[in-house]
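This is a predicted model, so every value here is computed, not measured.
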Amino acid sequence: YYKDKLNVVAIATQDSRLNVVSWVHEHPQFDFQFLTDPELPDRSSRLSTYFEADGIPVNVLVAADGTVVDNWFGFESEQDLEKKLGGLLKRRPGQ
């Protein structure tokens with residue numbers, strides 16, 4: 001549904017690049033971009049600090065202009081995620 005409207009990026013802040021690459025290879029159903037924190041294993045890296053990543057998962061919705069519009073810890077229900085994504089996509093210019 002969101003294929004042409006949304007980019008999903010997963011950033012590993014607590015695991016090595018090797019482990020992330022292995023996990024991604026074993027789970028091809030997750031068809032989005034995976035990155036690792038270049039300052040691993042520092043748990044107070046600039047990336048973790050910027051996103052206030054005190055736990056995992058940290059979810060951050062970022063508008064097309066780079067503004068963080070929502071963030072939360074943990075996984076909520078699929079319905080809650082749909083509401084948040086719908087709200088973000090409605091804010092996009094031209095829609």
Side-chain angles (χ1 to χ4, degrees):
Y1 178 77
Y2 297 111
K3 184 173 174 85
D4 296 326
K5 301 176 184 177
L6 176 72
N7 291 322
V8 175
V9 179
I11 303 172
T13 60
Q14 296 183 2
D15 209 344
S16 72
R17 179 164 177 73
L18 182 59
N19 286 346
V20 171
V21 168
S22 176
W23 189 90
V24 169
H25 180 71
E26 293 170 8
H27 297 88
Q29 69 271 29
F30 296 105
D31 186 23
F32 48 86
Q33 188 173 16
F34 287 85
L35 305 172
T36 54
D37 186 340
E39 295 179 16
L40 280 172
D42 182 1
R43 297 223 176 184
S44 61
S45 71
R46 289 175 284 177
L47 187 63
S48 292
T49 301
Y50 179 78
F51 287 115
E52 300 175 1
D54 293 331
I56 53 174
V58 173
N59 305 281
V60 181
L61 295 180
V62 181
D65 66 0
T67 304
V68 174
V69 294
D70 198 357
N71 64 342
W72 68 96
F73 295 104
F75 180 76
E76 297 177 351
S77 71
E78 187 173 333
Q79 294 80 15
D80 289 339
L81 182 58
E82 287 284 337
K83 286 179 191 175
K84 289 179 185 217
L85 292 176
L88 175 64
L89 294 175
K90 286 179 186 174
R91 289 186 203 125
R92 291 180 61 183
Q95 289 192 347

- Counting only N and O atoms by type, is there a donor-acceptor contact under 3.5 Å from the side chain of Glu39 to the main-chain atoms of Leu47? no
- Geometric class of the His27/Phe30 ring pair [parallel <30°, tilted 30-60°, perpendicular >60°]: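 Ring orientation, 0 to 90° scale: tilted.
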- Do you reckon Val21 sits in the same ILVMFWY cluster as Val24, going by side-chain contacts under 4.5 Å, direct or chained?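 Different hydrophobic clusters.
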- Message: Within this structure, what is the CG-CZ distance for the pair Asp37 and Arg17, rounded to the nearest 0.5 Å?
- Response: 12.0 Å
